[in-house]
Colleague: 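Below you'll find the structure I mean.
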Amino acid sequence: MSGVDHAAQLFQLRQSLAATAQVRVSGCLDACEHANVIVVQPSPEGRRAGGRPVWLGLANDPGIADDIAAWIRAGGPGLVDPPGILDLYVITPARRVRQQLA
């Protein structure tokens with residue numbers, strides 16, 4: 001998306017989560033129409049509690065990185081509900097794509 005500083009968003013997430021989670025950049029997620037796409041994976045504890053990956057699309061708002069980081073620091077998928085604002089960004093990827101990432 002034009003006007004989005006992707007490098008700055010990535011830097012912000014990595015800085016905010018350095019002590020909590022690993023931030024990785026992937027190849028194509030086959031969801032270009034929803035770019036920027038951020039997939040939040042549950043921690044091992046979150047997965048044991050039933051957490052599943054949460055896909056966030058159109059994650060281009062400058063403040064979204066703060067909301068995502070706060071949610072992950074609080075526990076993330078399976079342990080803590082995401083901030084309500086993130087509900088606006090949740091997308092459901094194609095089943096084929098979800099299976100490839102599982």
Colleague: Treating Ile, Leu, Val, Met, Phe, Trp and Tyr as nodes and any side-chain heavy-atom pair under 4.5 angstrom as an edge, say whether Ile64 and Val90 lie in one connected cluster.
Modeller: yes
Colleague: Excluding sequence neighbours, so at least two apart, what forms side-chain contact (heavy atoms from CB on, under 4.5 Å) with Leu10?
Modeller: Arg14, Val23, Val25
Colleague: What are the two closest heavy atoms between Tyr89 and Asp61, and how far apart are they?
Modeller: OH-CB, 3.4 Å
Colleague: Provide the closest heavy-atom pair for Pro77 versus Val54 in the form atom of the first, atom of the second, distance.
Modeller: CG-CG2, 4.1 Å
Colleague: Kindly give the heavy-atom pair with the smallest separation between Leu79 and Ala49, and that separation in Å.
Modeller: CD2-CB, 4.0 Å
Colleague: Just by modelled atom types, is the Ala59 backbone N or O under 3.5 Å from a matching donor or acceptor in the Gln9 side chain?
Modeller: yes
Colleague: Applying side chain to side chain donor-acceptor pair (under 3.5 Å), name anything that partners Arg48, two or more places apart in sequence or on another chain.
Modeller: none
Colleague: Please check if the side chain of Asn60 supplies one atom and the backbone of Ala35 the other of a donor-acceptor pair under 3.5 Å.
Modeller: yes
Colleague: Roughly how far apart are Ile72 CD1 and Leu17 CG, rounded to 0.5 Å?
Modeller: 5.0 Å
Colleague: Nearest 0.5 Å, what's the CD1-CD1 distance between Ile91 and Ile38?
Modeller: 10.5 Å
Colleague: Let me know which of Leu29, Leu56, Leu58 forms a side-chain contact (heavy atoms from CB on, under 4.5 Å) with Val37.
Modeller: Leu29
Colleague: Pro53: which residues meet the side-chain contact (heavy atoms from CB on, under 4.5 Å) condition with it, sequence neighbours left out?
Modeller: Val39, Gln41, Pro42, Arg47, Trp55
Colleague: May I ask you to check whether Asp66 and Gln12 show a side-chain donor-acceptor distance below 3.5 Å?
Modeller: yes
Colleague: Indicate if Leu86 and Leu88 have the same hydrophobic cluster label, given that clusters are the connected sets of ILVMFWY residues with side-chain heavy-atom separations under 4.5 angstrom.
Modeller: yes
Colleague: Please report the interatomic distance CH2(Trp71) to CD1(Ile85), rounded to the nearest 0.5 Å.
Modeller: 14.0 Å
